[in-house]
Amino acid sequence: MTFLGMPLAHAPRGVGHLRGDEPFPRAARTALANPQLRRNVQHATTTIRGKSGRVIAELPDWQDLRAAGSALKAYTMANLPRLLEQLEAKVTEAGGVVHWAADAAEANRIVTGLVRATGEQRVLKIKSMATQEIGLNEALADAGITPVETDLAELIVQLGDDKPSHILVPAIHRNRSEIREIFLRAMPGVDPALTDDPPVLAAAARRYLRETFLTTKVAVSGANFGIAETGTLTVVESEGNGRMCLTLPDTLITVMGIEKVVPTWQDLEVFLQLLPRASTGERMNPYTSMWQGVTPGDGPQSFHLVLLDNGRSAVLADEVGRSALHCIRCSACLNVCPVYERTGGHAYGSVYPGPIGAVLSPQLTGVEDNASLPYASSLCGACFDACPVKIDIPSILVHLRNQVPHPAAEKAVMAAAAYTMDRPRLYARAQRAAKFTKLVGKRGRGLPPPLNGWSAARDLPTPPPESFRDWWRSR
Amino acid sequence: MSSKDLILGRVRAALADDPAVPEVPRSYRREFPPADLDVLIDRLVDYKAVVHRGSDVAAIVGDIIGAGTLVVPPGLPKSWLPPESPARVDAAPGIGLGPETGPHSWLDQAAIVAADGVVTGAAVAIAETGTIVLDGSPDQGRRILTLLPDLHICVLRPDQVVASVPEAIARLDPARPLTWISGPSATSDIELNRVEGVHGPRNLHVIIWEAA
Ligand code: SF4
């Protein structure tokens with residue numbers, strides 16, 4: 001059988017959370033109008049940059065580790081079919097059951113079916129980007145199954161009836177006093193004398209979830225790494241909610257993107273040094289759990305691994321864009337991004353925000369469905385420098401801009417505008433160029449470039465009277 | 001076509017350009033000097049673990065637990081436990097800490113939840129990161145045992161301490177359930193600062209057992 005000429009299979013529409021309700025510039029404008037949100041995000045990203053920088057400086061071989069991590073990922077992608085089959089064989093040998101999900105809808109069907117088969121009505125969830133991506137919680141709820149998010153930030157999001165805005169810390173847009181208010185409002189049985197002291201807030205979450213951990217029989221997790229050589233799955237976490245989910249239930253279902261496979265056990269020595277320092281800025285995160293299939297007498301006695309494509313194979317087909325699959329979801333690129341810092345994560349629409357989201361989401365969905373995201377960047381390059389596996393995000397952005405269905409002139413103007421956002425002198429020059437090309441704007445519904453390039457479907461926001469930069473700064 | 005064939009077919013088609021397979025440069029540190037216990041202690045303390053050093057493990061455990069109740073894994077050396085603090089042993093039926101303690105059975109979840117603390121050994125500790133790793137050996141027990149009590153006392157022998165992550169990976173067996181622990185349960189979810197004390201044990205004591 002030959003698969004040459006096979007059409008690209010993007011993540012399907014109508015399921016999951018890879019597409020926003022509105023294009024980036026309009027969503028960004030809403031976010032920029034919220035100074036509290038901007039302060040919260042700025043405070044958090046500043047904190048994490050400092051912490052991360054300090055622990056990275058402790059390692060004399062950080063650049064060597066990055067080089068190894070980058071090469072390991074390229075090696076993995078080039079050998080993906082073999083590694084996936086090896087992983088499947090090893091997990092099966094160790095007592096696990098492996099399922100393959102071509103897209104979000106199939107993954108949701110598989111997981112929902114597995115939970116149904118246990119007869120349980122409630123599942124524990126460990127924060128996982130893959131299950132957010134496929135909209136698993138909604139699928140479970142539709143099947144009458146209650147998903148309980150156990151990660152503190154996810155809990156804040158769930159109780160606040162909110163959306164995640166960061167890969168690592170989905171509630172990064174909330175400060176401690178907002179978290180306190182959410183808990184007081186929505187956490188059953190919460191102490192009304194709750195303060196906004198972070199340890200007090202953490203203790204409230206501990207009390208609230210304890211009984212649920214002890215009585216729920218099924219858990220759903222993601223995975224940071226799946227070792228092909230040994231079938232060992234790895235979950236990296238902080239709070240111990242992961243350990244609870246991976247230890248106490250009878251049944252564990254892990255949903256893992258196919259790109260998360262790692263060739264050998266030894267390779268973990270690279271990623272376990274890169275990830276915590278780039279991610280939470282710790283030498284090591286508090287807890288990392290590793291397991292191989294089922295361990296008799298210890299932990300879940302029924303283990304299912306769901307391998308998810310959902311557009312990943314389409315990303316892999318792009319010679320420039322495929323390195324977006326190298327991402328280990330550390331979120332360092334978000335934390336250094338001047339655009340993310342101003343807009344927060346919601347503006348990106350997809351569950352993958354920030355620079356990595358700007359290159360990953362459009363490739364997973366097909367660029368037409370996220371056409372504004374490749375422009376959600378100033379191409380300053382900070383993400384590339386910060387990335388522990390050296391993904392050249394700016395180059396992928398430029399590459400994707402060339403695929404966005406827009407007239408070439410608009411693309412050029414928009415690219416220049418984004419690029420100069422943080423460079424005042426270049427910007428002034430671009431302003432003059434923008435005036436010069438006003439005709440382009442007059443042709444449509446009047447928004448002058450550079451802003452029109454940000455809007456995919458000619459569905460343009462109201463033109464602001466100020467210049468692009470004034471508009472941006474004043475929000 | 002099965003979904004497996006479909007996905008693998010898509011992946012193979014995506015790789016039709018036959019991308020270059022890079023040599024993985026292993027120029028990062030793979031040779032290390034012997035582990036420095038002071039570094040380990042510094043890193044443990046930095047992440048809010050309490051560190052003890054000494055030869056009389058039982059006395060140190062006794063000081064930490066006081067009148068509290070303990071659960072322990074089946075292979076824990078009995079000499080690590082204070083005689084006045086009868087610990088409940090979590091073991092397959094018939095296995096115990098020795099003839100004096102008699103046969104035991106698996107503890108149920110409620111008994112583990114009710115315990116004030118758990119005492120274990122460890123498989124490996126990593127100085128550079130302040131990490132201890134449990135691998136479910138008889139002196140470490142089932143994973144549930146070190147998860148539910150609010151106090152975890154972990155006894156380390158100096159020869160179990162390695163300097164770095166690569167050395168730890170080389171010593172560990174990926175077939176065993178592994179738990180890497182770096183400080184007590186914590187979260188970075190509130191304003192991205194580390195705050196101790198969420199779902200896992202909120203108190204981590206590490207005893208470095210130095211022969212008298
Ligand atoms: S792209 Fe790189 S920096 Fe961004 S989240 Fe992924 S691994 Fe981290």
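Remember, predicted model here, so these are calculated numbers, not experimental data. Side-chain atoms are counted along with the backbone in the values below, which use heavy atoms only and exclude waters and symmetry mates. Below, read A as the first sequence line, B as the second, and so on, with proteins coming before strands; counting in each chain starts at 1.
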**Asked** With chain A, which of B/Thr131, B/Asp18, B/Val195 has the greatest number of heavy-atom pairs at distances under 4.5 Å?
**Response** B/Val195
**Message:** Given B/Arg53, which partner from the list B/Leu156, B/Ile41, B/Ile207 fulfils the side chain to side chain contact (heavy atoms under 4.5 Å, CB included) test?
**Reply:** B/Ile41
**Fill in**
If one checks every heavy atom of B/Val133 against chain A at 4.5 Å, the contacting part turns out to be neither
**Item:** Test item: B/Trp180 and A/Leu272 side chains (from C-beta on) under 4.5 Å apart, heavy atoms
**Value:** yes
**Fill in**
Bottom line for B/Glu128: the part with an atom under 4.5 Å from chain A's heavy atoms is both
**Message:** I want to check something: taking the side chain as every heavy atom from C-beta on, are B/Val71 and B/Asp90 in contact at a cut-off of under 4.5 Å?
**Reply:** no
**Request:** Answer with side chain, backbone, both or neither: which region of A/Glu88 has an atom nearer than 4.5 Å to a non-hydrogen atom of chain B?
**Result:** side chain
**Prompt:** Parallel, tilted or perpendicular: which fits the ring planes of B/Trp80 and B/Trp209, with parallel below 30° and perpendicular above 60°?
**Reply:** perpendicular
**Asked** Does a side-chain N-to-carboxylate-O contact under 4.0 Å join A/Asp309 and B/Lys4?
**Response** no
**Request:** Report the C-alpha separation of A/Leu246 and A/Ile126 in whole Å, then their side-chain angles, then the decisive distance to 0.1 Å, and conclude whether the side chain to side chain contact (heavy atoms under 4.5 Å, CB included) test is met.
**Result:** CA-CA 9 Å; A/Leu246 300 170; A/Ile126 316 175; 3.8 Å; yes
**Request:** Tell me, for A/Thr247 versus chain B, whether the close heavy atoms (under 4.5 Å) come from the side chain, the backbone, both or neither.
**Result:** side chain
**Asked** Using 4.0 Å as the upper bound for N to carboxylate O, is an ion pair formed by A/Glu178 and A/Arg39?
**Response** no
**Prompt:** Does a side-chain heavy-atom distance below 4.5 Å link B/Leu15 with A/Pro81?
**Reply:** yes
**Asked** Non-hydrogen atoms of chain B under 4.5 Å away: do they reach the side chain of A/Asn285, the backbone, both or neither?
**Response** backbone
**Request:** Heavy atoms only, distances under 4.5 angstrom: which of A/Pro199, A/Ala68, A/Ala314 has the most pairs with chain B? Name it, please.
**Result:** A/Ala68
**chain B contact via A/Arg277 - which portion, at a heavy-atom distance below 4.5 Å** = side chain
**Prompt:** When heavy-atom pairs shorter than 4.5 Å are enumerated against chain A, which of B/Glu167, B/Arg176, B/Glu23, B/Arg26 gives the highest number?
**Reply:** B/Arg26
**Message:** Assess the residue pair B/Glu210 and B/Leu37 against the criterion (side chain to side chain contact (heavy atoms under 4.5 Å, CB included)); give the C-alpha distance rounded to whole Å, side-chain angles, the decisive distance to 0.1 Å, and a yes or no.
**Reply:** CA-CA 11 Å; B/Glu210 290 163 320; B/Leu37 281 186; 4.0 Å; yes
**Message:** Between B/Val21, B/Asp46, B/Ile181, B/Leu204, who has the most heavy-atom pairs with chain A when the cutoff is under 4.5 Å?
**Reply:** B/Ile181
**Request:** Determine the option with the most heavy-atom pairs under 4.5 angstrom with chain B, choosing from A/His99, A/His166, A/Arg174, A/Glu85.
**Result:** A/Glu85
**Request:** In sequence, state the C-alpha distance, the side-chain angles, and the governing distance for B/Val51 and B/Ile208, and then conclude on side chain to side chain contact (heavy atoms under 4.5 Å, CB included).
**Result:** CA-CA 7 Å; B/Val51 180; B/Ile208 298 175; 4.1 Å; yes
**Message:** Heavy-atom pairs under 4.5 Å with chain B: which of A/Ser289, A/Pro198, A/Gly240 has the most?
**Reply:** A/Pro198
**Request:** Please flag which part of A/Leu248 lies under 4.5 Å from any non-hydrogen atom of chain B: side chain, backbone, both or neither.
**Result:** side chain
**Heavy-atom pairs under 4.5 Å with chain B, option from A/Met290, A/Gln292, A/Glu239, A/Glu237 with the top count** = A/Glu239
**Message:** Given heavy-atom pairs under 4.5 angstrom as the criterion, report whether the side chain, backbone, both or neither of B/Arg29 touches chain A.
**Reply:** both
**Prompt:** Measuring heavy-atom distances to chain A, does B/Leu172 have an atom under 4.5 Å in its side chain, in its backbone, in both, or in neither?
**Reply:** both
**Engaged part of B/Pro184 at the chain A interface, taking heavy atoms whose separation is under 4.5 Å** = backbone
**Request:** With a 4.5 Å cut-off on heavy-atom pairs, point out which of B/Gly183, B/Gly130, B/Pro19 contacts chain A the most.
**Result:** B/Pro19
**Message:** Please rank A/His173, A/Glu282, A/Glu319 by heavy-atom pairs under 4.5 Å with chain B and give me the top one.
**Reply:** A/Glu282
**Request:** Look at the aromatic rings of A/Phe213 and B/His199 and report parallel, tilted or perpendicular, splitting at 30° and 60°.
**Result:** perpendicular
**Message:** When you compare the side chain of B/Leu134 with that of B/His152, does any pair of heavy atoms fall below 4.5 Å?
**Reply:** yes
**Message:** Between A/Asp151 and A/Lys127, does any NZ, NE, NH1 or NH2 come within less than 4.0 Å of an OD or OE carboxylate oxygen?
**Reply:** no
**Complete:** If one checks every heavy atom of A/Leu84 against chain B at 4.5 Å, the contacting part turns out to be side chain
**Asked** Tell me, side chain or backbone of A/Ala94 under 4.5 Å from chain B's heavy atoms, or both, or neither?
**Response** neither
**Message:** Could you check whether any side-chain heavy atom of A/Arg206 comes within less than 4.5 Å of a side-chain heavy atom of B/Asp150, counting everything from C-beta outward?
**Reply:** yes
**Item:** Close side-chain approach of A/Phe225 and A/Asp267, heavy atoms under 4.5 Å
**Value:** no
**Request:** Below 4.5 Å from any heavy atom of chain B, which atoms of A/Glu229 appear? Answer side chain, backbone, both or neither.
**Result:** neither
**Message:** Report which part of A/Thr76 has an atom under 4.5 Å of a heavy atom belonging to chain B: side chain, backbone, both, or neither.
**Reply:** neither
**Request:** Examine whether an atom of A/Ile179 lies under 4.5 Å from a heavy atom of chain B, and if so say whether it belongs to the side chain, the backbone or both; otherwise answer neither.
**Result:** side chain
**Asked** So which of B/Ile144, B/Val113, B/Ile7, B/Leu145 has the largest heavy-atom pair count under 4.5 angstrom toward chain A?
**Response** B/Ile7
**Message:** Could you tell me if the side chain of A/Ile227 sits less than 4.5 Å from the side chain of B/Pro174, heavy atoms only?
**Reply:** no
**Request:** Sort out for me which of A/Ala44, A/Pro286, A/Ser313 touches chain B most, counting heavy-atom pairs under 4.5 Å.
**Result:** A/Pro286
**Request:** Check whether any side-chain heavy atom of B/Pro149 sits under 4.5 Å from a side-chain heavy atom of B/Ile112, and report yes or no.
**Result:** yes
**Request:** Check each atom of B/Arg30 against the heavy atoms of chain A and say whether the ones under 4.5 Å are side chain, backbone, both or neither.
**Result:** side chain
**Message:** Please classify the contact between A/Arg207 and chain B as side chain, backbone, both or neither, with a heavy-atom cut-off of under 4.5 Å.
**Reply:** neither
**Request:** Could you walk me through whether B/Thr179 and B/Arg143 pass the side chain to side chain contact (heavy atoms under 4.5 Å, CB included) test, one step at a time?
**Result:** CA-CA 8 Å; B/Thr179 306; B/Arg143 285 172 286 175; 3.9 Å; yes
**Request:** Name the member of B/Asp135, B/Leu147, B/Thr187 that forms the most heavy-atom pairs with chain A at distances under 4.5 Å.
**Result:** B/Leu147
**Item:** Contacting region of A/Ala101 [heavy-atom separation from chain B under 4.5 Å]
**Value:** backbone
**Part of B/Leu148 within contact of chain A (heavy atom distance under 4.5 Å)** = both
**Message:** Is it the case that over 12 heavy atoms from other parts of the model lie below 6.0 angstrom from the NZ atom of A/Lys90?
**Reply:** no
**Asked** What part of A/Asn175 gets closer than 4.5 Å to chain B, counting heavy atoms only: side chain, backbone, both or neither?
**Response** both
**Item:** Which portion of A/Arg66 sits near chain B, non-hydrogen atoms under 4.5 angstrom
**Value:** neither
